[in-house]
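What follows is one structure encoded as structure tokens, with my remarks underneath.
Computed from a prediction, not measured in an experiment: that's the story for all the values here. Chain identifiers are assigned alphabetically (A, B, ...) following the order of the sequence lines, protein sequences preceding nucleic acid strands; residue numbering begins at 1 within each chain.
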2 protein chains.
Amino acid sequence: MKYIDKLRNSGLRPTKQRLQICKVLFDTKKTFHFTINDLAKKIKKQINDNISLATIYNTIHAFEKKGYLKQIPINSNETYFDTNISDHHHFYDLKEERLIDLENSDVGPINIKKKINGKKIKSVEVLVKLED
Amino acid sequence: MKYIDKLRNSGLRPTKQRLQICKVLFDTKKTFHFTINDLAKKIKKQINDNISLATIYNTIHAFEKKGYLKQIPINSNETYFDTNISDHHHFYDLKEERLIDLENSDVGPINIKKKINGKKIKSVEVLVKLED
DNA sequence: CACTTATTTAGAATCATTATAAAGTATTCC
DNA sequence: GGAATACTTTATAATGATTCTAAATAAGTG
Ligand SMILES: [Mn+2]
Ligand SMILES: [Mn+2]
Ligand SMILES: [Zn+2]
Ligand SMILES: [Zn+2]
């Protein structure tokens with residue numbers, strides 16, 4: 001069982017709820033962007049069972065900490081997550097309020113010339129805002 | 001009167017509160033990053049007068065709409081604003097939870113190769129997360 | 001199976017932000 | 001200047017995403 005091992009390997013007990021959430025998040029051809037609210041709806045529609053909102057929050061945060069999800073830096077009243085954990089960037093369509101992946105190869109190499117003493121770069125993320 | 005004209009020119013009446021907020025935001029050598037909460041404290045300390053929180057929110061949003069402030073895309077429970085409205089980027093020190101400006105010249109030119117039909121690029125912002 | 005530890009859950013609490021609507025102020029026009 | 005009008009401020013309430021709490025349940029261990 002793919003997800004059972006995945007969870008065990010990161011010290012998370014493979015509970016029914018976590019496995020159901022894994023299925024919704026990772027059993028797809030395409031990766032996707034979501035808010036907790038989006039996800040809660042998707043879960044309700046896809047599995048015929050209830051998972052409490054607190055568990056969804058807990059699980060998403062646990063997955064993010066383990067690196068199974070990424071948080072997308074964007075200004076919104078809701079937090080956006082991404083099942084695409086590759087090093088990549090985003091378009092944000094301001095009118096449609098929609099995120100679109102920009103693969104690393106779609107953006108030339110980014111050269112950060114400034115250095116901060118004693119700190120190292122953990123990630124470099126580009127947000128490209130789009131208008132009509 | 002610098003700020004009176006500035007406000008009038010953008011169709012905002014130069015009220016006492018707006019002028020006081022202008023002073024706190026723009027009467028400084030250096031630009032700075034702030035949350036509404038930061039700013040409310042700063043206002044209380046610098047002017048000997050009370051401005052309601054609702055007015056601070058209204059004013060900051062009006063200024064942002066007019067282009068006198070920028071919102072910084074970052075995941076935080078509070079919204080960050082910037083009095084530096086030049087085209088620039090940010091370091092975000094994860095440990096100290098602090099934003100640091102990265103001037104455009106500190107980052108090589110960014111080449112967005114992908115195009116989205118019917119949309120044009122409004123802004124390109126880079127967020128560089130720093131760890132120890 | 002007992003025992004320990006982690007997880008789930010409903011509901012309450014928190015807190016940034018936005019909405020409301022009444023009182024106050026700036027602007028316009030005579 | 002002095003209405004009349006439109007905009008602004010304000011206290012306070014409402015909203016809504018997220019986090020907290022503490023009791024019930026489930027998983028891991030031997
Ligand atoms: Mn957020
Ligand atoms: Mn926000
Ligand atoms: Zn993405
Ligand atoms: Zn800045």
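- D:dC7 atom P lies 17 Å from atom CD of B:Q17, rounded to whole Å.
- Hydrophobic clustering (ILVMFWY, side-chain heavy atoms < 4.5 Å, transitive): B:I21 and B:Y3 are in one cluster.
- Both tests do not hold together for A:K70 against A:Y80: distance to the six-membered ring centre under 6.0 Å, angle to the ring axis within 45°.
- Salt-bridge annotation for A:K120 and B:D132: absent, with no side-chain N of the basic residue lying under 4.0 Å from a carboxylate O of the acidic one.
- A heavy-atom distance below 4.0 Å to DNA chain C is reached by these residues of residues 52-60 of chain A, ordered by number: A:S52, A:A54, A:T55, A:N58.
- Computed from coordinates, the B:N77 CG to D:dC20 P distance equals 11 Å when rounded to whole Å.
- Taking 4.0 angstrom as the limit, B:R8 places none of its side-chain polar atoms (N or O) nearer than this to OP1 or OP2 of C:dA26.
- Between the side chain of B:H88 and the main chain of B:E103, no donor-acceptor pair closer than 3.5 Å is present.
- If you take CZ of B:F81 and C1' of C:dA16, they are 11 Å apart, rounded to a whole angstrom.
- For A:F34 and D:dA17, the CZ to C1' distance is 15 Å, given to the nearest whole Å.
- OP1 or OP2 of D:dT9 lies within a sub-4.0 Å distance of a side-chain N or O belonging to B:R18.
- Both B:I51 and B:L25 are part of a single hydrophobic cluster, where members link through side-chain heavy atoms under 4.5 Å apart.
- Distance from the side chain of A:T15 is smallest to C:dT7 among C:dA16, C:dT7, C:dA10.
- Atoms CG (B:D38) and P (C:dT17) sit 11 Å apart, rounded to a whole Å.
- Of the two residues contacting DNA chain C, namely B:R13 and B:H61, the nearest-nucleotide position lying further toward the 5' end is that of B:H61.
- Under the 3.5 Å distance criterion, with hydrogens and angles disregarded, a donor-acceptor pair is assigned to the side chains of B:D101 and B:H33.
- When the local axes at the two ends of the helix from C:dC1-D:dG30 to C:dC30-D:dG1 are compared, using 5 base pairs at each end, they differ in direction by 40° after rounding to 10°.
- Rounding to the nearest 0.5 Å places CG of B:N37 at 8.0 Å from CG of B:L53.
- With respect to the salt-bridge test (charged N to carboxylate O, under 4.0 angstrom), the residues A:K2 and A:D27 qualify.
- When the side-chain nitrogen and oxygen atoms of A:T35 are compared with OP1 and OP2 of D:dA17, none of them lie within a distance under 4.0 Å.
- No donor-acceptor pair under 3.5 Å is formed between the side chain of B:K6 and the backbone N or O of B:Y68.
- If you take CG of B:L7 and C1' of D:dC7, they are 13 Å apart, rounded to a whole angstrom.
- Summarising the geometry, the separation between NZ on A:K16 and P on D:dG28 is reported as 15 Å, rounded to the nearest angstrom.
- Between D:dA11, D:dT10, C:dT17, one nucleotide has an atom nearer to the side chain of B:N50 than all others, and that is D:dA11.
- What separates CD1 of B:I21 from C1' of D:dT9 is a distance of 11 Å, to the nearest Å.
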